[in-house]
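Keep in mind that the numbers below use all heavy atoms, side chains included, and drop hydrogens, waters and symmetry copies. By convention in this document, chain letters (A, B, ...) are assigned in the order of the sequence lines, proteins followed by strands, and residues within each chain are numbered from 1.
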Amino acid sequence: MDEQPRLMHSHAGVGMTGHPGLPQHMQEGAGGADGDGRKQDIGDILQQIMTITDQSLDEAQARKHALNCHRMKPALFNVLCEIKEKTVLSIRGAQEEEPPDAQLMRLDNMLLAEGVSGPEKGGGSAAAAAAAAASGGAGADNSAEHSDYRAKLSQIRQIYHTELEKYEQACNEFTTHVMNLLREQSRTRPISPKEIERMVSIIHRKFSSIQMQLKQSTCEAVMILRSRFLDARRKRRNFNKQATEILNEYFYSHLSNPYPSEEAKEELAKKCSITVSQVSNWFGNKRIRYKKNIGKFQEEANMYAAKTAVNAANVSSHGSQANSPSTPNSAGGYPSPCYQPDRRIQ
DNA sequence: TTAAATGATTTTCG
DNA sequence: CGAAAATCATTTAA
């Protein structure tokens, strides 16, 4: 047991001054005391240890092999393994449990919803689909923005995927490397498969925490993109003249009950090249604003009433009677269908 | 530059 | 949930 300090010493000596210093050291330390033979032994052993560093890898390998072939090896190794098994079992309890990690799930869900991690291309997010629908007919105006948005999004997606793949690959490489190493070592060192498994899971955890950072920053990027582009919905554009005409026509011709059914909304949306929810918005705004100041809308009401009347006349009589339809607009003295302000809108 | 108009969003209510 | 009401943010007309 008393070799220990000397071993340390010699190691330190080796580290600093190299082999040449060793013999003197030995002699000095083992100077003038009891069993000379024993000291000699120790000296030999140390000598051997020191020379190992000079040996080639082949020699080391051979030595290892020799060790492996030692007749006591299997028995000792089994004992070691047994002991190890017992101690490892006691350690085991603390670890293991793997929480699904709410944060990671949140990030995953968001990436999926944003169409970053989901299936390639296709419709992308629901928002994008809705936007596409909105700009489907006459949407040359905002489709530029959307293509820009989508380009940026796919850029993010591409970066995300390549990075993810890189991580995946690195993780696999590292894992196999470690596993090979452990397997190799398990011949000279008791390593249970469970231990390897644990090591692998540790590695995976590490890598997935790195992946989480990637996901986090991707989410942030998408959020920024959203706030810059999608939130520009708020940067609205007025509906075109034709669309407002159609909407107003419907509104004033159903003034007693200006609540278009779902089907009616869909039809209006199609006619106006806007979405159903935009139709709903429009009617919501119109109803409240009409109710709030009926006087202000009187003229408009008259105008549209006249218009629909004329249209009806046109359709029914097929233009055979009078040629007046060409002047519907001034709307001054047309038989205004006296709007009872408080019909249905409370 | 300002006020009105207007589409969208948020909050409240049945 | 859908509509009313309040509010926001932008566009347009003055």
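A:Trp282 has its CH2 atom 10 Å from the P atom of B:dT6, to the nearest Å. If you take CG of A:Asn248 and P of B:dG7, they are 9 Å apart, rounded to a whole angstrom. Going from atom CD1 of A:Ile288 over to atom P of B:dG7 covers 16 Å, rounded to whole Å. Rounded to whole Å, atom C1' of C:dA5 lies 17 Å from atom NZ of A:Lys286. To the nearest angstrom, P of C:dT11 lies 18 Å from NZ of A:Lys241. If you measure from atom CG of A:Asn293 to atom P of C:dA4, you get 17 Å, rounded to the nearest angstrom.
Closest of all the heavy-atom pairs between A:Gln216 and A:Leu107 is N-CD1, 4.0 Å. Nearest approach of A:Lys265 to A:Ser280, heavy atoms of both residues: NZ-OG, 3.2 Å.
Mapping A:Gly284 and A:Asn238 onto DNA chain C via the closest heavy atom, the residue that lands nearer the 5' end is A:Gly284. In terms of position on DNA chain C, the residue among A:Arg289 and A:Phe283 whose nearest nucleotide sits closer to the 5' end is A:Phe283.
The pair A:Lys286-A:Glu300 counts as a salt bridge, with a side-chain nitrogen and a carboxylate oxygen less than 4.0 angstrom apart. Using a cutoff of 4.0 Å between basic side-chain nitrogens and carboxylate oxygens, A:Glu163 and A:Lys166 are scored as salt-bridged.
Put simply, A:Gln278 has a side-chain N or O that comes within less than 4.0 Å of OP1 or OP2 on B:dA8. A close approach under 4.0 Å does occur between a side-chain nitrogen or oxygen of A:Tyr259 and OP1 or OP2 of C:dA4. For B:dA8, the OP1/OP2 oxygens have a side-chain nitrogen or oxygen of A:Asn281 closer than 4.0 Å. Between A:Lys292 and B:dT6 there is no side-chain polar atom (N or O) within less than 4.0 angstrom of OP1 or OP2. Under 4.0 angstrom from either OP1 or OP2 of C:dA4 there lies at least one side-chain N or O belonging to A:Arg287.
Partners of A:Glu267 according to the salt bridge (charged side-chain N to carboxylate O under 4.0 Å, His left out) rule, which considers only residues two or more places apart in sequence or in another chain, do not exist here.
Listed nucleotides: C:dA3, C:dA5, C:dT12. Nearest to the side chain of A:Lys291: C:dA5. Among C:dT11, C:dA6, C:dA3, the nucleotide with an atom closest to any side-chain atom of A:Asn285 is C:dA6.
Comparing the local axis fitted to the first five base pairs of the helix from B:dT1-C:dA14 to B:dG14-C:dC1 with the one fitted to its last five gives a bend of 10°, rounded to 10°.
Side chain of A:Glu184 to backbone of A:Leu181: no donor-acceptor contact under 3.5 angstrom is found. The closest donor-acceptor contact from the side chain of A:Thr244 to the backbone of A:Asn240 lies under 3.5 Å.
Residue contacts shown for A:Lys265 are limited to sugar-phosphate atoms, with no base heavy atom under 4.0 Å away.
A:Phe297 and A:Tyr252 have their aromatic ring centers separated by at least 6.0 angstrom.
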Give every pair of a protein N or O atom and an N or O atom of nucleotides 1-5 of chain B that lie under 3.5 Å apart, one pair per line with the distance.
residue: B:dA5; atom: OP2; partner: A:Lys296; partner atom: NZ; Å: 3.4

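One distance of note links SG of A:Cys171 with CD1 of A:Ile210; it measures 8.5 Å at 0.5 Å rounding.
Aromatic ring orientation, A:Phe174 versus A:Phe207: tilted (interplanar angle from 30° to 60°).
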